[in-house]
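Keep in mind that what you see is a predicted model, and the values were worked out from it rather than measured.
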Amino acid sequence: MKTIDDLQVAGRRVFVRADLNVPLEGGKITDDGRIRAAVPTIRKLAAVGARVVVASHLGRPKGAPDPAYSLAPVAARLGELLGAPVAFASDTVGDSARATVADLADGQVALLENLRFNPGETSKDDGERGAFADDLASLADAYVGDGFGAVHRKHASVYDLPARLPHAAGGLIATEVGVLKQLTEDVRRPYAVVLGGAKVSDKLGVIDHLLERADRILIGGGMAYTFLKAQGHEVGDSLLQEDQVPVVREYLRRAAERGVEFVLPVDVVATKAFPDLATKAPAHPVVVPADAIPEGVMGLDIGPRTAELYAAKLADAATVFWNGPMGVFEHPEFAAGTRGVTQALLDSPAFTVVGGGDSAAAVRILGFDETAFGHISTGGGASLEYLEGKTLPGLAALED
């Protein structure tokens with residue numbers, strides 16, 4: 001896989017497919033982590049005289065312009081981080097995009113509007129997707145793939161466009177792939193994996209894969225209750241995927257057979273109703289044993305004893321991969337479990353990888369120093385699919 005050092009970019013238009021899919025509330029960015037992660041590659045290209053055309057998706061618009069998903073706030077923040085103005089095109093391949101790119105001088109940067117405003121970006125029809133890729137290719141002389149959070153998508157700007165231009169991987173993708181190889185090739189042991197999030201069905205593939213590689217797997221978040229149910233425990237009104245119980249029961253059997261330690265919560269923080277995340281109103285939680293959750297309450301975080309147990313299980317690890325919060329960390333009364341696991345990762349001597357998505361957001365929202373971790377991924381879904389052993393279209397497209 002070539003890097004940007006292998007491309008001749010001075011004075012040329014370079015299309016950078018970044019991942020600037022940041023959360024917005026009322027048109028304001030609430031977490032700019034992905035923008036900051038994109039800056040080094042963009043800055044490096046601009047510094048050597050490239051005319052940088054940045055593109056990204058944001059959210060899931062329906063293939064047409066939607067002001068709620070405009071990248072305009074991102075252009076402003078990107079300019080602040082670069083310390084230089086970023087021109088913003090109000091469309092993807094139309095008159096504004098062509099004029100904006102044409103006006104770029106060497107070392108200047110432009111951002112196109114949300115790629116998903118065009119139905120060709122996400123189309124499953126090869127012809128429609130290819131036509132959009134042709135239009136994007138007309139705006140550039142070379143392509144740099146640097147949106148790791150999108151490389152598991154077979155989208156026009158990720159998969160089809162690199163075939164139409166000289167192409168290379170940006171610094172972010174090169175770093176992400178290098179880190180993930182440390183989780184799949186010659187892993188330092190003990191290798192501990194912490195998995196959370198809402199649904200166990202979202203993690204089936206990676207659990208199946210890790211059963212062959214990890215030494216211990218710690219489970220939290222909403223998915224923990226399906227595991228507890230598979231062990232025969234009642235879970236009250238907690239999130240439960242009843243149809244996945246047989247699958248989970250088989251995973252537990254396989255883990256025992258292979259000597260992989262599955263660690264489940266021993267207590268949980270529960271309440272009668274899901275809390276209001278906007279007002280952060282008191283939810284009056286109680287701590288209950290994980291094997292005796294009463295009817296009428298739902299578990300929304302791992303309990304204090306579980307947090308201590310998980311910290312102990314991470315203390316002697318040499319490698320740790322974490323994907324998914326331990327509870328509803330957005331509410332202060334259900335954030336202690338995620339905070340405890342995060343601190344345990346910092347206290348561990350292990351090489352620690354935070355697997356993007358909500359886990360990365362939790363690190364920032366809870367006020368931890370991002371630089372203290374071995375690596376914080378920008379792509380949760382992409383990281384999981386890589387660990388599952390899948391071929392990621394965006395990475396395959398960057399290979400020669």
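Nearest heavy atoms, G59 versus N21: N-OD1, 2.8 Å. Of all heavy-atom pairs between M223 and G220, the closest is CG-O, 3.1 Å. Between E176 and I376, the closest heavy-atom pair is OE2-O, 4.5 Å. P190 approaches D316 most closely through the heavy-atom pair CD-O, 3.5 Å. Scanning all heavy atoms of the two residues, the minimum distance from I207 to V200 falls at CD1-CG2, 4.4 Å. When all heavy atoms of D160 and A133 are compared, the closest pair comes out as CB-CB, 3.7 Å.
A donor-acceptor pair shorter than 3.5 Å cannot be found between the side chains of T226 and Q244. Neither side chain, S123 nor D125, offers a donor N or O lying under 3.5 Å from an acceptor on the other. R17 and H167 share no side-chain donor-acceptor pair at under 3.5 Å. Side chain to side chain, T306 and D267 meet the donor-acceptor criterion of an N or O pair below 3.5 Å. In the model, D146 has a side-chain atom that pairs as donor or acceptor with a side-chain atom of T41 under 3.5 Å.
D202 has no carboxylate O lying under 4.0 Å from a charged side-chain N of K199, or vice versa, which leaves the two without a salt bridge. Comment: E333 does not engage K280 in a salt bridge, judged by the lack of any side-chain N to carboxylate O separation of less than 4.0 angstrom. Salt bridge annotation for E250-R254: absent, with no cationic side-chain nitrogen under 4.0 angstrom from a carboxylate oxygen. The pair D106-R12 fails the salt-bridge criterion, with no side-chain N (NZ, NE, NH1 or NH2) lying under 4.0 Å from an Asp/Glu carboxylate O.
Once rounded to the nearest 0.5 Å, the distance linking CG of L384 with CG of L204 reads 11.5 Å. For the atom pair NZ (K390) and CD (E385), the distance works out to 4.5 Å, reported to the nearest 0.5 Å. Atom-to-atom distance recorded for L136:CG and L112:CG is 7.5 Å, nearest 0.5 angstrom.
With hydrogens and angles ignored, the 3.5 Å screen pairs a side-chain donor or acceptor of D215 with a backbone N or O of Y191. Of the possible polar contacts, none joining the Y69 side chain to the N114 backbone as a donor-acceptor pair under 3.5 Å is found.
Other residues, nucleotides and ligands place more than 12 heavy atoms under 6.0 Å from the CD atom of E399. For Y159, the OH atom is loosely surrounded, since the number of other residues' heavy atoms within 6.0 Å does not exceed 12. In the displayed structure, R189 atom CZ is contacted under 6.0 Å by more than 12 heavy atoms of other residues, nucleotides or ligands. Annotation: E370, atom CD; neighbour count of heavy atoms from other residues, nucleotides and ligands within 6.0 Å is above 12. The 12-atom threshold is not exceeded at CD of E295, counting heavy atoms of other residues, nucleotides or ligands nearer than 6.0 Å.
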Steps toward side-chain contact (heavy atoms from CB on, under 4.5 Å) verdict (R188, F351): CA-CA 9 Å; R188 288 185 295 145; F351 174 62; 2.9 Å; yes
Check step by step if side-chain hydrogen bond (donor to acceptor under 3.5 Å, both in side chains) holds for Q182 and T319. CA-CA 9 Å; Q182 294 184 60; T319 304; over 6 Å; no
Given side-chain contact (heavy atoms from CB on, under 4.5 Å), test S359 with F329 step by step and report yes or no. CA-CA 10 Å; S359 307; F329 71 91; over 6 Å; no
Walk me through it: do L218 and V193 pass the test side-chain contact (heavy atoms from CB on, under 4.5 Å)? CA-CA 6 Å; L218 287 58; V193 177; over 6 Å; no
Evaluate K229 against E234 for salt bridge (charged side-chain N to carboxylate O under 4.0 Å, His left out), listing each step before the verdict. CA-CA 6 Å; K229 184 70 172 181; E234 295 302 321; 3.4 Å; yes
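Note: Y251 and F227 fail the aromatic proximity criterion, with ring centroids not under 6.0 Å apart.
Checking I219, L314, L309 one by one against V263, the side chain to side chain contact (heavy atoms under 4.5 Å, CB included) holds for a single residue, L309.
Proximity of L300 to V269: side-chain heavy atoms (C-beta onward) are nowhere separated by under 4.5 Å. Two residues are said to be in side-chain contact when any heavy atoms from C-beta on lie closer than 4.5 Å; M298 and K272 fail this criterion.
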